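Bear in mind that the values here come from a model prediction, so they are computed numbers and not experimental data. Order of the sequence lines sets the chain letters (A, B, ...), proteins ahead of strands, with each chain counted from 1.
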Number of protein chains: 2
Amino acid sequence: MPTPRLKLDAFLPYRLSITSNMVSELIAGAYEALFGLRVPEWRLVAVIAEAEAISQQAIGRRTRMDKVTVSRAAIALADRGLIKRTPNPGDARSHLLSLTSAGEQLYAEVMPKALEYEKRIFASFKPAEIERLKIMLARIEEVVEGLEAEAERG
Amino acid sequence: MPTPRLKLDAFLPYRLSITSNMVSELIAGAYEALFGLRVPEWRLVAVIAEAEAISQQAIGRRTRMDKVTVSRAAIALADRGLIKRTPNPGDARSHLLSLTSAGEQLYAEVMPKALEYEKRIFASFKPAEIERLKIMLARIEEVVEGLEAEAERG
DNA sequence: CGGCAATAGTTTCAGTTGTTACTATATACG
DNA sequence: CGTATATAGTAACAACTGAAACTATTGCCG
């Protein structure tokens, strides 16, 4: 008897990856073209805008981005005058990042575009469906975190 | 009035990307460790197993992977003796890829692991929920394809 | 205090991925 | 037919990302 064939298209981790990459590429392309921002940079802008003043380490935890990625994005944004780095009074090794007024201005332009894209992509989804999708994604994350922890313990 | 703050955590494309990357990394790590297969290679194995004999170009279309990525994965798999490349009778530029018996054997080991991971990650999901999730992902893909086409036309 | 492990952030380096250029073949059209 | 354009696949190159090494500072514990 031949090995039964897995239909890759029906394999959920694969489907999730394909869909996510399609969405990411679409949005990343638009941001790059419109604002010269790469994905990590845009994420930093959003997180800093929410937080007012936040360390790079905290950004890494919040966004699951590597500290190297965060560092590079922070340097790029600071070079462009979009964020400023003030010494962290509690810890001389770290800086607190906040938006400059130029950064605020960019953020004010970028954010509506982001929401517009989201709206367009999910235009055919009812609010309750979107809610269900978010909850499902959160549940998946929770399980994966558990499996990661399990793997670490051996 | 200050700019209203986007909660990045509530932004669906972001959530999708985080969740998908967590799942991908988990599975990719396992495959790398267990079988020495990277993600593109594993995808090729799966697609070739389904198709029996298929050109690289067709694999690229089916998996949305770049032809360069497909080419590299195919070379790696051929070097390991997992696939064989036979001339395509209809087109001398391309090969038809198929699994060798070693490839079949590997596939027979890999596939149950894949399904097991899927099962574990979605253990708390009812079949109807999984079905809804798949449908939602398919709908998202459809919309994004439309937006891509729109962007190309200008 | 003083030394030593841990942490924030940067730099360096290696691995992966995609864009561009190239080769060989195929197809369209004069 | 034969020239021009498109396509399958590979190779060469550049960009991005993450791991490991490094620097500066912190905090623990003798």
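Remark: C1' of dG18(D) and CZ of Arg38(B) are 15 Å apart, rounded to the nearest angstrom. Atom pair Leu96(B):CG and dG9(D):C1' shows a separation of 13 Å (rounding to whole Å applied). A straight line from CG of Leu37(B) to C1' of dT16(C) spans 16 Å, rounded to a whole angstrom. Ile59(B) places its CD1 atom 15 Å from the C1' atom of dT10(D), with the value rounded to the nearest Å.
Atom CD1 of residue Ile59(B) and atom CE of residue Met65(B) lie 7.5 Å apart, to the nearest 0.5 angstrom.
Checked options Leu137(A), Leu16(A), Ile140(A), Thr19(A); the residue passing with Ser20(B) is Leu16(A) (criterion: side-chain contact (heavy atoms from CB on, under 4.5 Å)).
Using modelled atom types and a 3.5 Å distance limit, the side chains of Ser17(A) and Arg43(B) yield a donor-acceptor pair. Side-chain N/O atoms of Arg85(B) and Gln56(B) include a donor and acceptor closer than 3.5 Å.
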Interface polar pairs with nucleotides 24-29 of chain D, N/O, under 3.5 angstrom:
residue : atom : partner  : partner atom : Å
dT25(D) : O2   : Arg93(A) : NH1          : 3.4
dT26(D) : OP1  : Ala92(A) : N            : 3.1

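For Tyr107(A) (side chain) and Ile48(A) (main-chain N/O), no donor-acceptor pair under 3.5 Å exists by modelled atom type.
Annotation: proximity of residues 19-35 of chain A to DNA chain D (heavy atom, distance under 4.0 Å) is found for no residue. Across residues 66-88 of chain B, Lys67(B), Val68(B), Ser71(B), Arg85(B) each have a non-hydrogen atom less than 4.0 Å from an atom of DNA chain D (numbered order).
Within the 4.5 Å cutoff, the side chain of Val23(B) has heavy atoms near those of the Ile27(B) side chain. Between Asp9(A) and Arg62(B) there is a side-chain heavy-atom pair separated by less than 4.5 Å. Between Val143(B) and Arg120(A) the shortest side-chain heavy-atom distance does not fall below 4.5 Å.
Ionic pairing of Arg139(A) and Glu129(B) is present here: one or more N-O contacts between side-chain nitrogen and carboxylate oxygen are shorter than 4.0 angstrom.
When all heavy atoms are compared, the tightest approach of Thr63(B) to Ile18(A) is O-CD1, 3.4 Å.
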